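Chain letters run A, B, ... following the sequence lines, proteins first, then strands; residues in each count from 1. Just so it is clear, the model here is predicted, and its values are computed rather than measured.
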Protein chains: 2
Amino acid sequence: MSKVDKDSIIRAAEDVVRERGARKLTLDAVAEKCGLSKGGLLHHFRTKQSLLKAMLEAATARESELTAEFVAAGCGAAGGTLYARIESLFTLMEDDESLPRSLIAAVAEDPALLEPIKTREALIRREVCESSSDPELAQLLLYAARGLFLGRVLNVMEPDDPVYERLHARLLELCADID
Amino acid sequence: MSKVDKDSIIRAAEDVVRERGARKLTLDAVAEKCGLSKGGLLHHFRTKQSLLKAMLEAATARESELTAEFVAAGCGAAGGTLYARIESLFTLMEDDESLPRSLIAAVAEDPALLEPIKTREALIRREVCESSSDPELAQLLLYAARGLFLGRVLNVMEPDDPVYERLHARLLELCADID
DNA sequence: GCTAACATACCGTCCAGTTGGTCGGTTTTG
DNA sequence: CAAAACCGACCAACTGGACGGTATGTTAGC
C-alpha cells in the first residue's frame with residue numbers, strides 16, 4: 001500500500017512539476033499522480049497555496065539537510081558554512097532544474113509564499129557572516145552562487161558550458177580564502 | 001489620439017503587471033488598459049506568449065540602454081562594462097520590483113520565452129570577460145549582482161536593509177579592482 | 001457512533017483564442 | 001476617373017476547456 005501522507009503528496013506534486021512543468025501543476029494532476037481523488041487531496045491541503053507552501057518548505061528543508069551533510073563530511077573545515085551552503089546549491093541544481101524553476105515561478109507569482117522562509121534566510125545570513133573573516137564578501141559569494149543557480153535553472157546558460165564548472169571551482173577557492 | 005502601436009501595448013501590459021501582479025496579466029486586462037478590444041489586441045500579438053516575449057525583449061533592451069548610458073557617463077572608466085552592467089541592474093531593481101518579478105515568473109513558467117535572449121546574454125558575457133583582467137571573477141561579480149537582484153525582487157531581503165547598500169558598494173569596489 | 005480519510009459529482013469563474021464582421025483607406029482595373 | 005476589389009486595423013460576442021474549490025456522501029477504525 002502506497003501510504004498517502006502529506007509527504008507523499010508533496011513528492012507527487014514535485015513529480016508533476018518535473019514531468020509537466022510549473023504551468024501544469026494542477027490539483028487534478030497531483031491527485032491523479034498520488035492515486036487520490038481531488039477531494040482526498042483537498043482533505044490534506046485545503047488550498048493550492050498551502051500545497052505550494054509545503055513544497056517550498058520541503059525544498060528548503062532539503063537544502064539545509066544537504067548543507068548539514070556537507071558540513072559533517074568535513075567540507076566545512078575548508079571555509080565555514082559558506083562552503084557547504086554553496087556546495088549544496090550546486091548539488092541541487094545539478095540534480096534537478098525543473099523543480100527549482102517551478103518553485104521560483106510560484107514564488108514570483110505570489111510572494112506571500114516565502115514569508116515563512118524569510119526567517120530561515122535570516123538564519124543563513126547570520127551563519128555565513130559569523131563563520132567568515134569577511135562577512136560582506138561571504139554574502140556576495142553566496143549571492144553569486146544564487147545568481148548562477150538562477151541562470152542555470154532558467155536555462156540562460158547551457159547546462160554543459162565548461163565555464164560553469166570553472167566558476168564553481170573559483171567560487172569554492174574564494175570561499176576557502178575567507179574562512 | 002492615443003496611438004496604439006506595439007510599444008504602447010507593451011507599456012500597457014507592464015502597467016497591468018505592476019498594478020495587479022503577474023497572475024493577473026490577462027489579455028482582457030491589457031486590452032482594457034490600452035483602450036483596445038481583445039480582438040484588436042490579438043491583432044497585434046497573435047498569442048499571449050508573443051506579447052510576453054515582446055515584454056521581455058523590451059525589458060532587456062532597456063537594461064542594455066541603461067548600461068550604455070552608464071558607460072557614456074564615464075562610469076565605465078573605473079571598471080569596464082562590468083561596472084555599468086551592475087549599476088544598471090541596481091538602478092532597475094530600485095526603480096521597480098514587480099515588473100522584473102513578473103517577468104521572472106513568466107520565464108520560469110515557460111523557459112522558451114528566453115530563447116531569443118540567450119544571444120544577448122552571450123554578448124554580455126563576452127563583453128564582461130574582455131573588459132576585465134580577471135574574467136572569471138568578473139563573471140562571478142555579475143552573478144552576485146543578479147543573485148542580489150533576485151533576492152530583492154522576490155522580497156527575500158527587506159528593501160531597506162542597510163546590508164543591501166553595503167553589498168552594493170562592495171561589489172563596485174571589487175569591480176574597480178579588476179578593471 | 002464519531003472522526004479521519006477518503007470518493008463523486010458538480011459549480012462557477014476565468015481566460016486564451018475564434019468568428020465574423022465593420023470601416024476607412026489604398027490599389028487595381030474597366 | 002470611378003467603381004470594384006482588397007487590406008490592415010479594429011471590435012463585439014462567443015466558445016470551450018481548464019481549474020480551484022464545494023457539497024455531499026461513504027467507509028474504516030477506534
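- Residue pairs meeting the ring-ring contact (aromatic ring centres under 6.0 Å, His included) criterion with at least one partner in residues 10-51 of chain B, sequence neighbours excluded, are absent.
- When rounded to the nearest whole Å, the span between CG of B/Leu36 and P of C/dT22 equals 19 Å.
- With sequence neighbours excluded, no residue satisfies side-chain contact (heavy atoms from CB on, under 4.5 Å) with A/Asp95.
- With rounding to whole Å, B/Glu32 atom CD is found 13 Å from C/dC15 atom P.
- Using a 4.0 Å cut-off on heavy atoms, the residues of residues 42-51 of chain B that approach DNA chain D are B/His43, B/His44, listed by number.
- Cation-pi geometry between B/Arg152 and B/Phe149 is not met at under 6.0 angstrom from the ring centre and within 45 degrees of the axis.
- Comparing B/Lys38 and B/Gly35 against DNA chain D, the residue whose closest nucleotide sits nearer the 5' end is B/Gly35.
- Under the rule for a side-chain contact (heavy atoms from CB on, under 4.5 Å), B/Ser37 has no partner lying at least two apart in sequence or in another chain.
- Sorted by first and then second residue, the pairs that involve residues 155-179 of chain A and meet ring-ring contact (aromatic ring centres under 6.0 Å, His included), not counting sequence neighbours, are A/Phe90-A/Tyr164, A/Phe90-A/His168.
- Among residue pairs with one or both ends in residues 99-128 of chain A, none qualify as ring-ring contact (aromatic ring centres under 6.0 Å, His included); sequence neighbours excluded.
- Screening residues 103-113 of chain B for salt bridge (Lys or Arg N to Asp or Glu O under 4.0 Å), with sequence neighbours left out, gives A/Arg23-B/Glu109.
- In this structure, the side-chain hydrogen bond (donor to acceptor under 3.5 Å, both in side chains) partners of A/Glu19, at least two apart in sequence or on a different chain, are A/Lys33.
- Taken residue by residue, residues 100-108 of chain A places no heavy atom nearer than 4.0 Å to DNA chain D.
- Of the residues in residues 18-28 of chain A, those with a non-hydrogen atom less than 4.0 angstrom from any atom of DNA chain D are A/Leu25, A/Thr26, A/Leu27.
- The salt bridge (Lys or Arg N to Asp or Glu O under 4.0 Å) pairs that include a residue from residues 43-54 of chain B number zero, where partners must be two or more places apart or lie in different chains.
- Every side-chain contact (heavy atoms from CB on, under 4.5 Å) that A/Leu99 has, sequence neighbours left out, goes to A/Glu14, A/Val17, A/Arg18, A/Met55, A/Arg62, A/Asp96, A/Leu103.
- Looking at heavy-atom distances under 4.0 Å, B/Leu41 makes no contact with the nucleic acid at all.
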